[in-house]
Amino acid sequence: MDFSEFEKKIGYTFKNKDLLHEALSHSSYANEYRHGRNSNERLEFLGDSVLSIVVSEHLFTHFKHLPEGELTKIRASLVCENALYEFSKKIDLGKYILLGKGEENSGGRERPSIVSDAFEAVIAAVFLDGGMEEARKYVLGFLPEHLDKNSAKSLHDYKTVLQEVIQRNPEEKVEYVLKEQSGPDHNRQFVVQVMLNSNVIGTGEGHSKKQAEQMAAKEALSLMGYRE
């Protein structure tokens, strides 16, 4: 498969084309067209860490006046699912993802969880193919030119806000628990509860665990009287 158009869009040409193919292969595609192909799930795992390191280093280096709490908040706004989905639109990533027929027919190319996962997988592919400098250059190309503590406003990260609220009482502990997972591969539904010291304070649903956790945190904040 020829991904040269996509390579031009991201400004990087792969030496190992198989890495890019894997990064763009959703599990529904890998399961349907096996042929020894892997899905992008393992690359997504690695890409998540590379993304966090690059963004953390950038914020640490360029925002020396901000305390740890503010840096954490800005980083969270830049690596959450909503942010990655917005970044992916700049390179039309959804257009190039390889999907199984069911996922294709159910609008998978526009599903934030699928596209944001692929975005992280591509980061990992660039890292493995070209090293950390290439990965850093790739990631930094998506970050907003002007970053400050208000950057999170348009990219809601309810988990971080909830954590900040809870941290006012150091003895309190927040935990997210997956309660239910249902539906076919192309239309998964997750139900997550957020617990505060073993008490349920919010429940959320979504097409990914990340999204369900965000919705659970949003409900918890709402019940606490938090207003955006």
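FYI, the numbering just counts along the sequence from 1.
Inter-residue side-chain proximity for E172 and V174 is flagged as unmet; no heavy-atom pair is nearer than 4.5 Å. Within the 4.5 Å cutoff, no side-chain heavy atoms of V139 are placed close to those of H58. For the pair V50 and M132, the minimum side-chain heavy-atom distance is below 4.5 Å.
Atom CG of D117 is separated from atom CG of L84 by 8.5 Å, given to the nearest 0.5 angstrom.
Identified under the salt bridge (charged side-chain N to carboxylate O under 4.0 Å, His left out) test for residues 90-99, with sequence neighbours left out: E5-K95, K9-D92. Residue pairs that meet the ring pair (Phe, Tyr, Trp, His ring centres under 6.0 Å) test with at least one member in residues 94-125, sequence neighbours left out, are F6-Y96, F119-F142. Pairs passing the salt bridge (charged side-chain N to carboxylate O under 4.0 Å, His left out) check and including a residue from residues 48-57, sequence neighbours excluded, read E57-R136.
Annotation: side chain to side chain donor-acceptor pair (under 3.5 Å) contacts of K8 (sequence neighbours excluded): none. The side chain to side chain donor-acceptor pair (under 3.5 Å) test applied to S52 returns no partner, not counting sequence neighbours.
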Starting from the C-alpha separation in whole Å, work towards a yes-or-no answer on salt bridge (charged side-chain N to carboxylate O under 4.0 Å, His left out) for K89 and E86.
-> CA-CA 5 Å; K89 291 178 181 177; E86 291 302 317; 3.2 Å; yes
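Hydrophobic clustering (side-chain heavy atoms under 4.5 Å, transitive across Ile, Leu, Val, Met, Phe, Trp, Tyr) groups L140 together with I74.
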Please tabulate, for side-chain N and O atoms in residues 203-211, each donor-acceptor pair with protein atoms closer than 3.5 Å (sequence neighbours left out).
unit_1	atom_1	unit_2	atom_2	d
E205	OE1	Q189	NE2	3.3
H207	ND1	R188	O	2.9
H207	ND1	Q189	OE1	3.4
S208	OG	E81	OE1	3.0
S208	OG	Q211	N	3.0
K210	NZ	E120	OE1	3.3
Q211	OE1	H207	N	2.7

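Ring geometry for F63 against H65 counts as tilted: the plane angle lies between 30° and 60°, on a 0 to 90° scale.
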